[in-house]
Amino acid sequence: MREAFVRLYEEGLIYRGAYIVNWCPRCQTAISDLEVAHEEQQGKLWEIRYPVVGAAGEFVTVATTRPETMLGDVAVAVHPLDERYQKYLGKKLRLPLTDREIPVIADEWVKSDFGTGAVKVTPAHDPNDFEIGKRHGLPAINVMDETAHMNDETGAYAGLDRYAARKKVLEDLEAQGLLGAVREHVNTIGKCDRCKTVVEPRLSTQWFVAVNKEPNGGGASMAELARRAVREGHIRITPEQYSKVYLNWMDNLYDWCISRQLWWGHRIPVWHCAACGMMTVARQDPTACTHCGSAEIVQDPDVLDTWFSSGLLPVTVFGWPRHERDFDVFYPTQLLVTGFDILFLWVSRMIMLGCWFSRDIPMADGSKREAKDTVPFHKVYIHALVRDAERQKMSKTKGNVIDPIHIVEHYGTDAVRFTLASMASPGTDIAFSEARTEGYRAFANKIWNAARFIFMNVEKAREAGIEVDRAALGAMPAVADNAPIEARWIVARLNSEAAEVNAALGEYRFHEAANTIYQFFWGDFCDWYLEIVKLRLDFSEESDRAAVKAALTTLLQTFEAALRLLSPFMPFLTEELWHAVYRMACESEPPTKSIALTRYPQGAAHTDDAADRDFALLQELIVTVRALRKDIGVEEKLAVPIRIWATQERLSFGTNAEIIQRLARVTEIRTAEALSEGTGMRSTPNFDVQVIYEKTIDTSAERERLAKELAKQQKTLASAEKQLGNPAFLAKAPAHIVEGLRKQEADTRLLIEKTRKALEELG
RNA sequence: GGGCGGUUAGCUCAGUUGGUCAGAGCGUCUGGUUUACACCCAGAAGGUCGCAGGUUCGAGCCCUGCACUGCCCA
């Protein structure tokens with residue numbers, strides 16, 4: 001910290017000066033612009049008449065939102081082109097309530113249409129007035145002390161709090177007939193971020209970092225280096241939109257006030273000499289003034305802004321200012337994860353100071369460090385902020401804080417974690433949703449129950465003398481080509497979903513990763529695979545033991561891999577179950593102490609497209625039959641025969657009859673060569689299916705459904721035909737789009753024909 | 001005042017470079033005590049993607065304007 005301060009001072013980038021700063025009267029310290037929260041507030045605009053000296057009965061009327069500061073007025077300013085006030089330019093006014101006379105000056109900054117067009121100038125208590133004062137060489141009269149009470153400059157008002165003073169000033173003006181109109185006025189006031197006290201702009205002597213200035217030796221400014229780091233892509237901010245926010249802020253950066261009048265913090269390494277009045281800035285505590293040798297030196301009482309030392313973290317963490325091996329090895333780091341509210345406060349300062357102090361440190365191989373290697377980190381991921389259900393920022397004063405402990409106790413840590421991950425889509429904040437959390441608690445429960453089912457079967461298998469080899473676990477499962485369809489399918493699925501999860505994580509799309517896993521675990525693994533695998537887990541004497549063992553192995557392998565896939569999202573549950581897998585299935589300890597230490601499943605797309613395709617058809621058939629049964633009123637429990645007309649060879653419905661029977665509650669599958677008459681039919685481009693059911697069906701409802709269906713199909717066809725009939729489309733659209741549309745058109749034509757026929761048969 | 005977002009099913013939200021993308025969960029409705037799970041299963045209904053123009057063969061997605069809304073900075 002000292003090294004940084006002294007070096008910047010030597011480079012001419014740290015200076016001390018009297019400026020208007022944001023002053024918190026309660027904390028009694030200066031605070032930076034970033035620590036001030038601006039709020040709109042209904043206030044008043046008072047008009048005050050300042051008598052013109054030497055012109056009895058004439059006044060210049062000013063408008064102000066802060067009458068008490070008039071005691072520190074040193075001028076009244078008007079716009080140079082404002083005709084109303086031309087005659088007063090250069091004249092003096094008598095400042096009411098005091099015995100001072102102040103000039104009328106012209107300054108471009110004054111807005112003629114605001115208030116009366118004449119403004120009081122109080123350089124010690126307003127940043128704009130300070131600038132005007134500097135331009136016109138006016139003095140600055142501070143009228144308040146560090147607690148925002150009126151000081152000795154104010155005579156009769158001395159000792160009054162600023163608001164009490166305001167009241168008295170107004171009363172006195174009123175009594176003297178100098179108070180004009182009072183209007184309602186919305187103005188913006190600054191409050192201290194920490195204690196919410198209204199900030200007082202106050203003239204005081206502070207330390208600043210000149211962020212936009214070239215250093216003494218020449219070269220780019222700190223802010224410029226920090227801008228380039230992002231603009232030139234050495235630092236990539238995700239979501240990208242924050243790059244713009246960052247650059248916009250950097251482009252409008254003022255000097256950074258780094259001194260604080262607090263009693264804790266790093267003290268400023270500057271000693272003031274009582275003898276000669278000069279300053280000694282030193283790395284080591286000096287015993288004498290470097291200018292005159294006097295021993296009467298006192299260290300500056302101020303301490304540094306906490307973000308100054310925090311901003312140095314990227315280099316100090318690796319031993320800077322010493323040059324250590326850690327620095328060579330780890331700087332620049334890869335990724336910083338943080339919330340956007342910290343982007344300016346900390347991230348920007350780390351970039352500025354990191355780039356600055358690393359730039360003259362050679363690379364490990366001795367070569368010169370280039371810009372890309374000066375940055376403290378290569379990537380910044382800005383995560384979402386959690387807000388309350390009404391999207392309000394949580395705050396203690398508003399009382400809308402959601403207590404994470406309470407939520408975690410209620411829904412479980414894993415459910416809360418999964419909820420946040422699933423809602424963390426980049427660039428938007430998270431409105432905390434209890435309903436979503438409830439859903440993911442159910443998900444955790446679902447996984448737990450799936451595990452119970454699996455372990456139960458492992459027990460049964462063991463009783464039947466079937467054991468799963470421990471060596472089979474811990475990797476991506478592999479299945480034989482002649483394995484049952486559901487085994488081939490779930491393994492292909494696991495692979496493609498794992499690949500998708502990895503891709504999503506690589507791009508910080510956590511919600512996508514979470515949703516993919518959710519869908520895989522619940523939708524694919526539980527709803528389809530587990531239901532089908534029940535058929536294979538037959539531990540009776542007459543079963544094919546090799547087949548049962550293979551099924552059980554795939555089941556365990558898939559579950560184990562799925563747990564690893566899920567573990568970053570639900571660490572506690574998966575840890576527990578993963579250990580249980582090894583203990584229950586293999587009666588042994590897992591290969592590592594924690595699931596977190598295992599290899600994350602990578603997966604691959606298209607490992608078994610044939611299984612994917614065949615299983616999709618099977619699902620389509622089962623779903624169609626289920627819907628059909630419901631439509632024609634087959635009781636839930638009743639199993640019925642179905643009849644299928646398949647248009648494709650590969651519909652291996654025959655070999656998968658068991659699956660269809662179990663999942664669609666079917667007794668018998670008949671096949672036919674052609675469309676038959678009768679009711680209770682459904683068509684898809686791949687097959688027609690009929691549920692054979694004796695009871696009369698609701699023909700009018702069925703007709704209505706078919707009519708609706710037909711209308712939809714015709715709409716689809718019309719749109720496809722329109723596009724395909726457009727030469728421009730055929731000429732310009734890519735081939736796969738045109739092909740896809742052609743297939744859609746053909747399929748739709750076929751369906752329309754079938755639907756029409758079905759309608760005819762209903763009569 | 002300057003900047004950055006958002007507006008998609010009743011609710012909470014996805015929808016990466018314009019085409020096979022209109023989706024999920026919750027809620028609603030219907031039916032189910034199938035030996036893992038009713039914190040469950042099956043099925044269904046529900047949206048002219050804020051409004052108005054424009055670019056394009058093609059727009060939830062790109063451009064312009066407007067309305068409402070949130071945030072950041074001054």
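None of the values given here were measured: they were computed from a predicted structure. Naming: A, B, ... by sequence-line order, numbering from 1 per chain.
Atom name P, nucleotides rG31(B) and rG19(B): the rounded distance is 41 Å, in whole Å. Comparing the P positions of rC37(B) and rG47(B) gives a spacing of 37 Å, expressed to the nearest Å. Atom name P, nucleotides rC63(B) and rC4(B): the rounded distance is 12 Å, in whole Å. Rounded to a whole angstrom, the distance from the C1' atom of rA24(B) to that of rG15(B) is 10 Å. Taking atom P on both rG58(B) and rG1(B), the two are 39 Å apart, rounded to the nearest angstrom. One C1' atom belongs to rC61(B), the other to rC49(B), and the distance between them is 10 Å to the nearest Å. Taking atom P on both rA14(B) and rU7(B), the two are 8 Å apart, rounded to the nearest angstrom. The gap from the C1' atom of rA59(B) to that of rG2(B) amounts to 31 Å, rounded to the nearest Å.
When the nearest nucleotides of RNA chain B are assigned to A733(A) and N248(A) by heavy-atom distance, the more 5′-ward of the two goes with N248(A).
The separation between F344(A) atom CZ and rC71(B) atom P is 16 Å, rounded to whole Å. Atoms CD (Q519(A)) and P (rG15(B)) sit 17 Å apart, rounded to a whole Å. In this structure, K191(A) atom NZ and rC73(B) atom C1' are separated by 18 Å, rounded to whole Å. Summarising the geometry, the separation between CZ on R626(A) and P on rC41(B) is reported as 11 Å, rounded to the nearest angstrom. Look at CG on L253(A): it is 21 Å from P on rG2(B), rounded to the nearest Å. In this structure, F418(A) places its CZ atom 13 Å from P of rC26(B), rounding to the nearest Å. As rounded to whole Å, 11 Å separates atom P of rG43(B) from atom CD of Q619(A). Taking atom CG of N252(A) as the reference point, atom C1' of rC73(B) lies 8 Å away to the nearest angstrom.
Residue-level contact check: Y440(A) touches neither bases nor backbone, having no heavy atom under 4.0 Å from any strand. Using a 4.0 Å heavy-atom criterion, one finds that P734(A) contacts the bases of the nucleic acid, with or without backbone contacts as well. Across all strands shown, L741(A) has heavy atoms under 4.0 Å from base atoms, whether or not it also approaches the sugar-phosphate. Using a 4.0 Å heavy-atom cutoff across all strands shown, N515(A) reaches no nucleic acid atom at all.
If you check rC39(B), rC57(B), rU12(B) against the side chain of A442(A), the one that comes closest is rC39(B). In the set rC71(B), rG25(B), rU12(B), the nucleotide with an atom closest to the side chain of M423(A) is rU12(B). Ranking rG15(B), rC40(B), rC13(B) by closeness to the W522(A) side chain, first place goes to rC40(B). In the set rC71(B), rG5(B), rC41(B), the nucleotide with an atom closest to the side chain of K244(A) is rG5(B). Counting only heavy atoms from C-beta on, E507(A) has its side chain closest to rU16(B) among rU16(B), rC39(B), rA42(B).
Residues T716(A) and Q744(A) have side chains that never bring a donor and an acceptor to within less than 3.5 angstrom of each other. Looking only at atom types and distance, the side chain of E635(A) has a donor-acceptor partner in the side chain of Y693(A) under 3.5 Å away. Side-chain contact, E131(A) with W109(A): no donor N or O sits under 3.5 Å from an acceptor N or O.
The strand RNA chain B forms stems, runs of 3 or more Watson-Crick or G-U wobble pairs with distances below 3.5 Å, at B:1-7 with B:67-73, B:10-13 with B:23-26, B:28-32 with B:40-44, B:50-54 with B:62-66.
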Steps toward side-chain hydrogen bond (donor to acceptor under 3.5 Å, both in side chains) verdict (D538(A), S540(A))
CA-CA 6 Å; D538(A) 173 5; S540(A) 61; 2.6 Å; yes

Decide salt bridge (charged side-chain N to carboxylate O under 4.0 Å, His left out) for D631(A) and R682(A); before the verdict, give the C-alpha distance in whole Å, the side-chain angles of both, and the deciding distance to 0.1 Å.
CA-CA 11 Å; D631(A) 261 9; R682(A) 270 298 158 87; 2.4 Å; yes

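Atom CH2 of W528(A) has more than 12 neighbouring heavy atoms from other residues, nucleotides or ligands inside a 6.0 Å radius. The environment of CZ in R236(A) is sparse: at most 12 heavy-atom neighbours from other residues, nucleotides or ligands sit within 6.0 Å. Summarising the local packing, NZ of K534(A) is surrounded by more than 12 heavy atoms from other residues, nucleotides or ligands at distances under 6.0 Å.
Looking at heavy atoms from C-beta onward, K191(A) lies out of side-chain contact with V36(A) at the 4.5 angstrom threshold. Within the 4.5 Å cutoff, the side chain of I752(A) has heavy atoms near those of the L717(A) side chain.
Proximity of R441(A) to the phosphate of rC39(B): no side-chain N or O atom is located under 4.0 Å from OP1 or OP2. Residue H511(A) places at least one side-chain N or O closer than 4.0 Å to OP1 or OP2 of rG15(B).
By the side-chain contact (heavy atoms from CB on, under 4.5 Å) test, E500(A) is found to be paired with E497(A), T516(A), residues two or more places apart in sequence or in another chain being considered.
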Within the 4.0 Å limit for protein heavy atoms, which parts of nucleotides 27-36 of chain B are touched? Write it as a string from 5' to 3', B for base, S for sugar-phosphate only, - for none.
---BBSSB-B

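Residues S422(A) and H511(A) come closest through the heavy atom pair O-CB, 3.1 Å.
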